[in-house]
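Below: the structure, in structure tokens.
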Amino acid sequence: MPRKRSRTAQERTYGAPSSVLRRIALGSIVLAVLLAISGLLAYLTRPEPAASAAPTPARTSAPESASPETTNGKREAIAAPPRTSDPIAFAKAATKVLWSYDTRSISRAEHVAGLKRWMTDEKKYADWASITNQIPSPVLWSRMHDNRQHASATIGEGHYPQAFKTALAQDPGAITEAYVYAVTVTGKQAIAWKGSGAGAESRSTTLAVQCRPHHDCALVGVLPSVAP
């Protein structure tokens, strides 16, 4: 059983193709600034360090994640995205979904379809490749299914990275083109498989979240490196 867990960890990657990340940076100065400050110079495509800031949208109370139990009497593979304009609340809910799966009863195609509902519909900013990099390959998913592997997530806290907050203070109005926010989320992922196999690890990730005024937030992508 431990070998199965090891393969899962080895298969999980956090990067996205550089071409996709560059496209996001071109469309969202927020990400360009954050990546530059994080030392990811390979992904920096425009020298506008002051352009990732904006007033934080008004927070609205919302559950961390909607229930995946049923929709119109049918069981959903993945929880529906919460209706909120708060980037941090949305990022925490999205992280919980990204770190959770159940190969016992859900196919990989169903899992992928569920995640797509969380994505922004603005193709200029959506980085779907960075999301699919979080999903086990079809072959690995099949092996995990045979091993009845499943994972759940407990989310700790979410915050704007320091680089984002610095840029926010420098130019509060620059974000108004894309309204993309960087949010770092921490928590723990617990994984179990058939028999008594189980394990857990603390994790962190930085998500890009789009929260336009008077619209619910949507997921843009996962950054290739965690920003503190």
Side-chain angles (χ1 to χ4, degrees), residues 1-21 23-24 64-82 90-123 125-155 185 187-201 203-210 217-224 226:
M1 301 309 171
R3 292 183 60 192
K4 184 69 68 175
R5 172 69 182 91
S6 177
R7 282 199 298 269
T8 303
Q10 292 173 357
E11 288 281 341
R12 188 170 59 236
T13 58
Y14 297 93
S18 59
S19 61
V20 177
L21 289 171
R23 188 176 70 248
I24 292 179
E64 185 171 298
S65 178
S67 170
E69 291 300 323
T70 59
T71 297
N72 296 326
K74 296 182 179 180
R75 186 179 187 278
E76 295 292 340
I78 287 180
F90 183 88
K92 291 172 70 174
T95 299
K96 185 171 185 177
V97 165
L98 288 170
W99 291 352
S100 303
Y101 58 82
D102 191 342
T103 65
R104 299 169 300 177
S105 58
I106 296 172
S107 69
R108 184 180 185 276
E110 290 173 325
H111 185 79
V112 169
L115 288 178
K116 283 185 176 179
R117 294 190 299 163
W118 289 70
M119 296 296 294
T120 177
D121 57 7
E122 296 185 37
K123 294 182 179 180
Y125 305 118
D127 184 7
W128 178 240
S130 71
I131 303 301
T132 58
N133 281 344
Q134 313 296 307
I135 306 171
S137 68
V139 172
L140 181 59
W141 189 280
S142 177
R143 293 173 180 170
M144 292 162 63
H145 169 75
D146 294 340
N147 206 33
R148 300 184 60 77
Q149 187 163 318
H150 53 286
S152 60
T154 301
I155 302 304
V185 179
K188 180 174 290 186
Q189 183 188 50
I191 300 177
W193 50 90
K194 65 183 179 181
S196 58
E201 63 177 349
R203 297 183 61 182
S204 298
T205 189
T206 300
L207 304 184
V209 174
Q210 185 178 51
C217 295
L219 184 60
V220 170
V222 180
L223 271 66
V226 176

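Between Arg104 and His145, the shortest heavy-atom contact is O-CE1, 3.7 Å. Heavy atoms only, all atoms of each residue included: Ser130 and Gly221 are closest at OG-CA, 3.4 Å. Contact between Phe90 and Pro81 at its shortest, heavy atoms only, is CE1-CB, 4.0 Å. In this structure, Val185 and Trp99 approach most closely via the heavy-atom pair O-CH2, 4.2 Å. The shortest non-hydrogen separation linking Arg117 to Ile78 is NH2-O, 2.5 Å. Shortest non-hydrogen contact noted between Val220 and Met119 is O-CE, 3.4 Å.
Not one N or O on the side chain of Ser142 forms a donor-acceptor pair closer than 3.5 Å with the backbone of Pro138. Under a 3.5 Å cut-off, the side chain of Thr120 and the backbone N or O of Ala218 do not form any donor-acceptor pair.
The only member of Leu140, Val112, Leu98 that meets side-chain contact (heavy atoms from CB on, under 4.5 Å) when paired with Ile135 is Val112.
We find the CD-CG distance between Gln210 and Leu219 to be 10.5 Å, quoted to the nearest 0.5 Å. Remark: Thr103 OG1 to Arg143 CZ distance equals 13.5 Å, nearest 0.5 Å. Rounding to the nearest 0.5 angstrom, the gap separating the CE atom in Met144 from the OG atom in Ser137 is 9.0 Å. Rounding to the nearest 0.5 angstrom, the gap separating the CD atom in Gln149 from the CG atom in Asp102 is 10.5 Å. Interatomic distance, CH2 of Trp141 versus CG of Asp146, reported as 13.0 Å (0.5 Å rounding).
Counting heavy atoms from C-beta outward, Tyr101 and Gln189 have side chains that approach closer than 4.5 Å. Using a 4.5 Å heavy-atom threshold, the side chains of Cys217 and Trp118 count as separate.
Looking at residues two or more places apart in sequence or on another chain, you find no ring pair (Phe, Tyr, Trp, His ring centres under 6.0 Å) involving His150.
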